[in-house]
2 protein chains.
Amino acid sequence: MKPMKIPEKTVTRLSIYLRCLEELEADGVASVSSRQMAERFGLNSAQVRKDLAYFGQFGVRGLGYYIAELKHNLERILGLKQDWEVALVGVGNLGSALIAYKGFQARGFKIGVAFDTDPARVGQVVGGVQVVETVKLVSTLRKKKVKIAVLAVPAPAAQSVADLLVEAGVTAILNFAPAQITVPEGVKVQNVDLSVLLKTLSYHTVRTNRPSPLRLEPRTIRES
Amino acid sequence: MKPMKIPEKTVTRLSIYLRCLEELEADGVASVSSRQMAERFGLNSAQVRKDLAYFGQFGVRGLGYYIAELKHNLERILGLKQDWEVALVGVGNLGSALIAYKGFQARGFKIGVAFDTDPARVGQVVGGVQVVETVKLVSTLRKKKVKIAVLAVPAPAAQSVADLLVEAGVTAILNFAPAQITVPEGVKVQNVDLSVLLKTLSYHTVRTNRPSPLRLEPRTIRES
DNA sequence: TAGATTGTTAATCGATTAACAATC
DNA sequence: TAGATTGTTAATCGATTAACAATC
């Protein structure tokens with residue numbers, strides 16, 4: 001066994017490959033080559049092969065990859081052979097939406113419990129999920145051994161809630177709060193800042209639709 | 001004039017820097033150094049300076065960056081000096097949530113119109129937003145000159161809706177559908193696949209909580 | 001001025017891609 | 001076998017970081 005460090009982007013792509021395999025399997029296809037998969041996503045076939053090769057030799061030379069087998073392996077690697085109970089913190093607009101969002105639950109991830117500090121929400125059942133007061137977060141998640149949490153609280157509360165999650169033994173956090181949160185080594189944070197994503201699109205839009213009047217002008221122009 | 005290509009990640013970080021500046025400004029601070037900003041996010045100070053230097057010389061040697069001025073410039077660069085009307089396609093669970101989500105609207109982005117094919121939803125007003133039938137998408141968005149759209153439809157519909165958006169003159173798409181969508185050159189797609197994000201966390205969790213009992217250790221930094 | 005910090009170039013690091021022997 | 005495609009190494013590309021002269 002080689003303790004090689006796997007690039008983050010490789011792991012993300014594994015999920016993409018898996019989705020591809022599911023589609024192909026639904027089409028009744030038995031095998032697929034790295035080139036075929038790459039073309040589907042505008043990637044390089046060597047990259048597909050390399051990504052997979054980090055985890056083992058799943059292919060058959062001259063043929064490609066057996067879909068059922070590769071799918072099985074990717075599910076195993078990604079930890080999708082088990083169900084995950086996910087905790088939600090923050091049952092506001094976004095949090096409620098995430099409970100309702102079926103795609104979120106689709107693949108073995110189930111929001112089993114939600115936390116909020118608002119007394120108006122505590123005790124309610126939102127989309128089948130019990131809303132518990134945040135002071136009970138640590139004891140509740142420890143008891144349930146929850147490892148994955150979704151953070152959908154306002155930015156100022158994000159760090160303190162993250163601290164609670166870590167204390168409760170959570171090792172992976174999907175953070176929707178527009179805030180930088182700091183966690184100990186070994187805890188993984190995935191930030192999803194919708195506002196940042198929109199700003200990136202805004203940037204792109206001003207550049208793309210440039211024929212408009214407003215032009216970018218750095219304070220000084222320099223040439224080497 | 002050199003039309004230098006700006007890394008995608010640089011643009012993303014600009015948004016982060018801007019958030020930092022907003023916080024500092026609220027604290028009444030007048031200037032900040034690249035080192036101070038870098039520390040806040042666990043980045044390298046040279047990276048901060050380099051990111052900014054792509055767009056001009058905004059700093060003062062020996063001092064750092066004047067917050068008000070840099071903030072102004074980042075807003076200009078990111079296209080935040082104007083309001084953007086955003087179109088939403090797909091008023092299901094996620095779509096409705098995005099309408100309700102205030103953080104989404106916060107910074108000059110306003111969902112002005114929504115589209116859906118479901119007759120039960122068409123004609124309704126959700127969160128103050130009119131739901132229009134998707135067949136009217138192209139004409140409506142052309143008339144309104146909408147450039148940014150949020151795609152929150154089921155995966156199988158994603159590509160055909162994306163085609164309509166492009167036809168309507170949209171140049172930036174925030175895609176929540178778990179599907180690979182293909183667009184012409186010049187149109188920017190930001191994919192936000194919540195399921196992929198969760199799988200990445202699942203991967204991390206099986207690896208972290210694997211052989212040994214979990215060990216949590218000193219505090220370190222971040223992730224983007 | 002003396003100290004600090006930028007803007008920028010050069011070095012390093014990491015990830016993508018090309019190439020090809022191995023082999024189904 | 002002949003053709004195809006993997007797994008992997010080497011080459012390339014791009015992004016991060018270190019270093020430092022310029023200069024406030």
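Just so you know, these numbers come straight off a predicted model, no measurement behind them. Proteins get letters first, then strands, A, B, ... in listed order; numbering begins at 1 in each.
Here D:dA15 is the nucleotide among C:dT17, C:dT6, D:dA15 with the atom lying nearest to any side-chain atom of B:P7. In this structure, of D:dT5, D:dA15, D:dT17, it is D:dT5 that holds the atom nearest to the side chain of A:S33.
Contacts between residues 39-49 of chain A and DNA chain C, counted as heavy-atom distances below 4.0 Å, involve A:N44, A:A46, A:Q47, A:R49.
In terms of phosphate contacts, B:Y65 brings a side-chain nitrogen or oxygen within less than 4.0 Å of OP1 or OP2 of C:dG7. When the side-chain nitrogen and oxygen atoms of B:Q57 are compared with OP1 and OP2 of C:dT8, one or more of them lie within a distance under 4.0 Å.
Salt-bridge check for B:E8 with B:K188: passed, with a basic side-chain N closer than 4.0 Å to an acidic carboxylate O. The existence of a salt bridge linking B:K110 and B:E85 is excluded, since no basic side-chain nitrogen approaches an acidic carboxylate oxygen closer than 4.0 Å. We find that A:D51 and A:K9 are not joined by a salt bridge, their nearest charged nitrogen and carboxylate oxygen being 4.0 Å or further apart.
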Given Watson-Crick and G-U pairs under 3.5 Å, DNA chain D in dot-bracket ([ ] crossing, | other strand) is ..||||||||||||||||||||||
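In this structure, B:K50 reaches the bases: a heavy-atom distance under 4.0 Å links it to at least one base atom across the strands shown. Residue contacts for A:T10: at a heavy-atom cut-off of 4.0 Å it reaches no nucleic acid atom on any strand shown.
Geometrically, B:R19 does not engage B:Y17 in a cation-pi contact defined by less than 6.0 Å to the ring centre and at most 45° from the axis.
No N or O donor and acceptor, one from the side chain of A:R61 and one from the base of C:dT23, sit under 3.5 Å apart.
More than 12 heavy atoms of other shown residues, nucleotides or ligands fall within 6.0 angstrom of atom CZ in A:F58.
Side-chain polar atoms of A:Q159 and A:D163 form a donor-acceptor pair below 3.5 angstrom. A donor and an acceptor atom, one from each side chain of A:R49 and A:S45, are located under 3.5 Å apart.
Rounded to an integer number of Å, the gap from B:L52 CG to D:dT17 P is 15 Å. Remark: C1' of C:dT5 and CG of B:L70 are 14 Å apart, rounded to the nearest angstrom.
Considering only heavy atoms from C-beta on, A:W84 comes within 4.5 Å of B:T205 through its side chain.
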